[in-house]
Amino acid sequence: MKSSSKLTQSVHAGSPGDPLYGGVVNPIYLSSAYDYEETVRYPRYYNTPNQLAVAEKITALENGEDGLVFSSGMAAIMTSLFAMVKMGDHIIFQNDLYGGTHHAALHELNRYGITYTMVDATDPSNFEKAIRKETKVIYIETPSNPLLKITDIKKVAAIAKKHKLVTIIDNTFASPVNQNPIDLGIDIVTHSGTKYIGGHSDLCCGLMVSSKKLTNKIKASAMHFGGSLDAQTCYLVERSLKTIVLRVNQQNSNAMTIARFLETESKVGKVFYPGLKTHPLHSIAKKQMPGGFGGMLSFEVKGSPDKFMKKLKYIKRAVSLGGVESTINSPMRTSHSKLTAEERKAVGISDKLVRFSVGIEDPTDLINDIKQAL
Ligand SMILES: *Cc1c(COP(=O)(O)O)cnc(C)c1O
């Protein structure tokens, strides 16, 4: 009996409970040394009981065949990527990327003889135009950070299939509750579990989900790169995933309410949220995000964004995102601080822009907090 409901799967998949005493939750298995008669288990082989529990749950939530849990989002992303390429190969990235991924591409790939092109993803045909005979992978991220741009997942996946390329998506911002890229033809889904999957701003992990075949290929490289996660954090991730649907549903609803409020507020400039009809790719977001539009939004403050953020009471200034508590930051001061003002302007990131990770608080309190700070 396998439920197709995320509410049920988030609680039960990979969480059979304690086989020894009948407790309802999975025990934490701390052993790093196991008997080798049947299976060779070892933390860096990604097959200890708490690692497998998390992998089973995220695989169920992403509609994949198999998955792995890592010690960070970057470990999941870079291991998945490096497992798919070799010297001489070419990768196509969308140009709106998480800062860490952008930096990793810039500083790691060329020195291993791997080349890449970055394209504007708002028009999927740009990916097809960038394909060369050495191209192996297309890598996308949607919604993107911090402007919540949308990439048409189905179209990019179809282009990749036609040219026999592997597709990787960073699904962190959407979370597995809102968007399941494997259903749309994507091969490998990655997450920074530090964000919505952990959900409480207190752990760091990463995850990937794919077919059995590609997961095994990634696991073989992962054993060499060594970015595995310890049992106690795995337990926290498993526990967090049990409430992800409830948390993200509340964040979706709060973000929508707040985005609509911000659009009517005279002290606010542009508002970026894929759930708004004014978002240029709202119709595509609606199709590929059946669960909701997510808890991330950004907007321009007409006065000083620093003064505004300092006045907030409930909404805390912080760099990370996806927690139950609302957090806010200035991309100019954080994720995009290494760009010059002109470079930022070229990618559409105004110095007035703030990025808001909406929590699960009462939306009326959050709106009142924003009103008093404005
Ligand atoms: C945070 C983040 C990452 C990196 O994850 P870590 O857990 O910090 O390694 C990757 N992609 C996106 C979209 C992120 O927000």
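Heavy atoms only: backbone and side chains are in, while hydrogens, waters and symmetry mates are out. Residue indices begin at 1 and follow the sequence shown.
To the nearest 0.5 Å, atoms OG (Ser335) and CG (Leu97) are separated by 12.5 Å. The line from CD of Glu62 to OG1 of Thr190 is 9.5 Å long, rounded to the nearest 0.5 Å. Here the CD1-CZ distance, from Ile328 to Arg317, works out to 10.0 Å after rounding to the nearest 0.5 Å. Note that CD1 of Ile92 and OG1 of Thr115 are 10.0 Å apart. Values are rounded to the nearest 0.5 Å. Atoms CD and CE, from Gln251 and Met256 in turn, are 14.5 Å apart once rounded to the nearest 0.5 Å. Between atom OG of residue Ser175 and atom NZ of residue Lys195 there is a gap of 13.0 Å, rounded to the nearest 0.5 Å.
Side-chain contact check for Glu65 and Ser210: no donor-acceptor pair (N or O, by modelled atom type) lies under 3.5 Å. Gln179 and Asn171 are linked by a side-chain donor-acceptor pair at a separation below 3.5 angstrom, with hydrogens and angles left out of the test. Of the N and O atoms on the side chains of Ser144 and Glu141, not one donor lies less than 3.5 Å from an acceptor on the other residue. Side chain to side chain, Asn26 and Glu238 meet the donor-acceptor criterion of an N or O pair below 3.5 Å. Between the side chains of Glu325 and His200, no donor-acceptor pair of N or O atoms lies under 3.5 Å. With no hydrogens or angles considered, no side-chain donor-acceptor pair links Asn368 and Lys313 at under 3.5 Å. Defined by atom type and a distance below 3.5 Å, a donor-acceptor pair is present between the side-chain atoms of Asp120 and Thr122. There is a side-chain donor-acceptor pair under 3.5 Å between Thr233 and Asp230. Between the side chains of Thr135 and His163, no donor-acceptor pair of N or O atoms lies under 3.5 Å.
Residues Leu81 and Tyr98 fall within the same hydrophobic cluster, defined by Ile, Leu, Val, Met, Phe, Trp and Tyr side chains chained together at heavy-atom separations under 4.5 Å.
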**OP:** Dump the intermediate steps for ring-ring contact (aromatic ring centres under 6.0 Å, His included) on Phe299 and Tyr273, then the final yes or no.
**Re:** CA-CA 9 Å; Phe299 59 98; Tyr273 185 64; over 10 Å; no

**OP:** For the pair Tyr116 and Tyr139, evaluate ring-ring contact (aromatic ring centres under 6.0 Å, His included) and give the outcome as yes or no after the intermediate values.
**Re:** CA-CA 10 Å; Tyr116 60 86; Tyr139 183 106; over 10 Å; no

Subject >> Verdict with reasoning, Val248 to Tyr196, per side-chain contact (heavy atoms from CB on, under 4.5 Å) >> reply: CA-CA 8 Å; Val248 171; Tyr196 287 101; 4.1 Å; yes

Subject >> ring-ring contact (aromatic ring centres under 6.0 Å, His included) between Phe93 and His102, worked out >> reply: CA-CA 9 Å; Phe93 290 99; His102 193 105; 8.5 Å; no

**OP:** Run the numbers on Arg247 and Gln250 for side-chain contact (heavy atoms from CB on, under 4.5 Å), then give the verdict.
**Re:** CA-CA 5 Å; Arg247 287 186 280 110; Gln250 179 71 16; over 6 Å; no

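At least one side-chain heavy atom of Thr151 sits less than 4.5 Å from a side-chain heavy atom of Val156. In this structure, Ile91 and Ile114 have side chains that are in contact, with non-hydrogen atoms separated by less than 4.5 Å. Side chains of Gln288 and Ile150 form a contact here, defined as non-hydrogen atoms less than 4.5 Å apart.
Note that Lys219 lies outside the cation-pi zone of Phe225, set by a 6.0 Å cut-off to the ring centre and a 45° limit from the axis.
Applying the 6.0 Å contact sphere to NZ of Lys316 captures no more than 12 heavy atoms from other residues, nucleotides or ligands.
With respect to Lys149 and Asp96, a salt bridge is recorded, a charged nitrogen being found less than 4.0 Å from a carboxylate O. Salt bridge annotation for Glu265-Lys371: absent, with no cationic side-chain nitrogen under 4.0 angstrom from a carboxylate oxygen. Remark: Arg132 engages Glu134 in a salt bridge, criterion side-chain N to carboxylate O under 4.0 Å. The existence of a salt bridge linking Arg333 and Asp306 is confirmed by a sub-4.0 Å separation between a basic side-chain nitrogen and an acidic carboxylate oxygen.
Taking the six-membered ring where the residue is Trp, His107 and His103 present tilted rings, their angle falling between 30° and 60°.
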